[in-house]
Amino acid sequence: MSTTTVRTEETAAPAPGPKKGRMSDRSKAEQKLGWMLAGPAFVVMLLVTAYPILQAVYYSLFDYRLTDPAKRSFVGLNNYLVILTDEIWWTSFGVTAFITIVTVAVELVLGFALALVMVKALKAIRPILRAAILIPYAVITVVSAFAWQYAFSLDSGFVNSWFDWIPGVTAETDWFGGTFSSLFVICLAEIWKTTPFISLLLLAGLAQVPEVLQEAAKVDGASWWQRMSKVTIPNMKAAIMVALLFRTLDAFRVFDSVFVMTAGANSTETLSFLAYRQTISRVEIGLGSAVSVMLFISVVLICVLFIKGFKVDLSAQRGEK
Amino acid sequence: MRRPRWRSRALAAGVVAAALVGLAGCGAGPAGPPTLNWYINPDDGGQAEIAARCTTAAAGKYRIAVSQLPRQSAEQRQQLVRRLAANDTSIDIMSLDPPYIPEFAEAGFLAPVPDDVAQRTTTGVVNSAIEGASWRGRLVTVPMWANTQLLWYRKSMVAGTGLDMSKPVTWDQVIAAAQSKNKQVAAQGIRAESLTVWLNALVESGGGQIVTNPSPDDPKGVQLGLDSPAATKAAEIMKATAPVAGPGFSTASEDENSEAFQGGDAMFSPIWPFIWGKVKSAVEDGSVPASVPADYGWALYPRTDASQPSKPPYGGINLGVGAFSANPELAYEATECITSTENQAYYFVSNGNPAAKEAVYKDPEVLEEFPMAPVIEQSLQQAAPRPQTAYYSEVSESIQRIYHPTGGIDPATVGPAAAALIKAVLAKEKLL
């Protein structure tokens, strides 16, 4: 297939004659069929994705309170100005970035270790091991958040009594009473919940590393670490990027754990929670929409930075170039 | 294989006929009396039982169906606001937490209360309940049950502290007594609406007000009294309570506090009367010794200023009729049945929620079940509602942001800081 693609490009480039852009009847029919097959999905996607985004952008230009629609007025970019000059936005941004960086970094290391274990495990126990590792990911996030909250709470929790041998932990340690102790539990819950996801993606990447390269490196006398750093990881670059990108986007939108465990108290509010409170709790649709649009822009920026930063061309990985 | 044409036509005709029959069914509507949907806050089944009783009493004129709202009052508000903003006609009656009533009234979400209904449903009702059910000087909802916080104390622990609980006590005395016995004062220190309830009661008891002018037509004109001496004293009490409020004070809600009080960690707790029903249930299921309820004492909410009576928190539930209801007259008729003296007495005894009608407090069954009923009634007569403004959520959340955790506040600056935040938020100059 790749050969066919290259040939088409080669012939099309140097001969821009009258035939350029012309399609055969078969190609036209295939293209038509393609649109007919993909068209409905495309329309549905526009309806469920693009429409709400555009509506949020539109609302973000208004001073609009749900309980007072008569006083709706156009304010232009004022909502964005309010957001960007408010310390609450920047505090929430910092908290979100902190949770994202810490959880993704820990998950990458842990997930990679788990993927290696799954690859190397005996065939007999491999399915059981994979199922066991995946269980936390099967738990609904809000349920997981409640479980961790109950574990660390003062009245129903067992953590304080089990870990009182650790300096600083006593029966009266109020984990949700301070910023960093709260963030520690939130990060722990996120790591427990989503490490299996990252390990599964890395496992797929590990499986794609050609065995012949490993063999060749072994024959050349490369140590385990040299094989890992020079052969395995470079060949998994695309898988690592996908895993990191997915998890970073996911972590950047963290909501459930914060909502359940602290409700944003002690400066633990994230951007999603901030958007929720402006829109749902305060019913300030204009301001809330602007926060949501800012969050959306942040997520798009993360995507662009990852793709540019990793310099991975996924179409090349698929063999299209 | 091709299907014969006649079969295809017959199939199509059948589908069309079935669809028409279905549509006809939808258009006809259910047979029988109109159904009034009552959106209730979660309870122990009392409102559902009252709905069934009123359906029977209506003798076929209407039927009441209940739908349950979320547990937290802020979430109840959110769901109702979203539905009503979309002109939801399914909301006939709704159980409303009093602080959100001005917002609902301003938004035009409530059908006007007919004068005769207003007159009948407020006769013999405690002052705070009427005040909480009104907005702009008019009754906009029907009082159903009225709640208030008492000062609960453990008799055995208070003994020997020199505190005479038969006389009014101040917060300073309560804190000092708890300190002397190394026991807790279980107050609601969590960053939640209960923190606003506490602050409001402290400020009102000191002769001040959080919102001095609600300015319903212009949010920028809202005036606040958070820099008054009463507000400063309130902040001093909040800060002084923190060291005697237990290790989990900054996350302590009513549930945690009732546990601390029941378990004997706390000597005092300013809290709603639900803890009485809770301890009695705990005795029944054997999780608490039978002697514990006898150790429970109750008194009026502590004073902020020794020279003036306290103004305890006021809560409860009022009934609003949806502005988009198809049957507002019937809905108001139903609210009169729901809030009858008999039903309020039933609700008090069965669910532990105090009545808005004074006559209920003379009911022997109520007095037997709730020996503190006379104190509850007195507390309700002198209780003060939370800040009555269409922007209560903004006021409350700003307070929670600035006053939490209460152990770390500076009483001299926290009030003005909260006032500045509220003003900026209402002027749409700041996030919240």
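This is a predicted model, so every value here is computed, not measured. The chains referred to below are lettered A, B, ... by the order of the sequence lines, with proteins before strands, and numbering in each begins at 1.
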When you measure from the side chain of R282(A) to the backbone N and O of E394(B), does any donor-acceptor pair fall under 3.5 Å? no
Should the heavy atoms of other residues, nucleotides or ligands under 6.0 Å from CG of L301(A) be counted, would the total exceed 12? yes
Only one of N160(A), D174(A), L154(A), T170(A) passes side-chain contact (heavy atoms from CB on, under 4.5 Å) with P247(B), and that residue is L154(A)
Please classify the contact of A424(B) with chain A as side chain, backbone, both or neither, using a heavy-atom distance under 4.5 Å. neither
Give, for atom NZ of K428(B) and atom CG of L287(A), the distance between the pair rounded to the nearest 0.5 Å. 8.0 Å
For atom CG of D410(B), decide whether the heavy atoms of other residues, nucleotides or ligands shown that lie under 6.0 angstrom number more than 12. yes
Could you go step by step and tell me if N266(A) and H404(B) meet the side-chain contact (heavy atoms from CB on, under 4.5 Å) rule? CA-CA 8 Å; N266(A) 301 315; H404(B) 186 272; 3.7 Å; yes
With a 4.5 angstrom heavy-atom cut-off, could you sort out which part of L274(A) is near chain B: side chain, backbone, both or neither? side chain
Could you check E103(B) against V283(A) for side-chain contact (heavy atoms from CB on, under 4.5 Å), going step by step and ending with a plain yes or no? CA-CA 11 Å; E103(B) 182 182 29; V283(A) 292; 4.2 Å; yes
Heavy-atom distances under 4.5 Å only: say whether V291(A) touches chain B with side chain, backbone, both or neither. side chain
Enter the distance from M261(A):CE to T251(B):OG1 here, rounded to the nearest 0.5 Å. 13.5 Å
Let me know if Q400(B) has heavy atoms under 4.5 Å from chain A in its side chain, its backbone, both or neither. neither
In Å, rounded to the nearest 0.5 Å, how long is the span from CD1 of I280(A) to CZ of R82(B)? 5.5 Å
Chain A contact via A85(B) - which portion, at a heavy-atom distance below 4.5 Å: side chain
Tell me, for A265(A) versus chain B, whether the close heavy atoms (under 4.5 Å) come from the side chain, the backbone, both or neither. both
Any chance NZ of K71(A) has more than 12 other-residue heavy atoms, nucleotides or ligands included, within less than 6.0 Å? yes
Given a strict heavy-atom distance threshold of 4.5 Å, which part of S281(A) is in contact with chain B: side chain, backbone, both, or neither? both
Step by step, work out the side-chain contact (heavy atoms from CB on, under 4.5 Å) result for L431(B) and Q278(A). CA-CA 8 Å; L431(B) 292 169; Q278(A) 309 308 313; 4.0 Å; yes
For the interface with chain B, which of T85(A), V82(A), I83(A) has the highest count of heavy-atom pairs at distances below 4.5 Å? V82(A)
Applying a heavy-atom distance below 4.5 Å, give me the residues of residues 175-194 of chain A that approach chain B, sorted by number. F176(A), G177(A)
Note: vs chain A, highest number of non-hydrogen pairs under 4.5 angstrom among F109(B), F104(B), Y391(B) is Y391(B)
Flag if over 12 foreign heavy atoms under 6.0 Å of CZ, R138(B): no
